[in-house]
> 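Supplied in structure tokens, the structure appears directly below.
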Amino acid sequence: MELNLFWTEFAKNELEGIYKYYREKAGIVISKKLVKGIYNETLNLKKTNLK
């Protein structure tokens, strides 16, 4: 069974805020890697079977 996930505007804005914060504090490479990791984890949630 696949889980349906939706990115709300709030979640998108928060992710953008995370990106901007880490871009300033740690650099663009780190911020992209972090945001990509968060996004990929949501994809893993879709694949999780609910019991």
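Below, each value reflects all heavy atoms present in this structure, side chains not excepted, and no hydrogens, waters or symmetry copies. Residue numbers start at 1 and run along the sequence shown.
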> Walk me through it: do L34 and Y39 pass the test side-chain contact (heavy atoms from CB on, under 4.5 Å)?
CA-CA 9 Å; L34 179 63; Y39 180 77; over 6 Å; no
> Verify the neighbour count for atom OH of Y22: are there more than 12 heavy atoms of other residues, nucleotides or ligands below 6.0 Å?
no
> What pairs with E9 under salt bridge (charged side-chain N to carboxylate O under 4.0 Å, His left out), at least two apart in sequence or on another chain?
K12
> For F10, what residues pass the side-chain contact (heavy atoms from CB on, under 4.5 Å) criterion, not counting sequence neighbours?
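side-chain contact (heavy atoms from CB on, under 4.5 Å) check on F10 returns T8, E14.
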> Quick one: pull up CD1 in I38 and CG in L15 and give me the separation to the nearest 0.5 Å.
5.5 Å
> On a heavy-atom basis, which atom in L5 and which in T42 lie closest, and how many Å separate them?
CD1-O, 3.1 Å
> Just grab all the salt bridge (charged side-chain N to carboxylate O under 4.0 Å, His left out) pairs involving residues 19-37, residues at least two apart or on different chains.
E16-K20
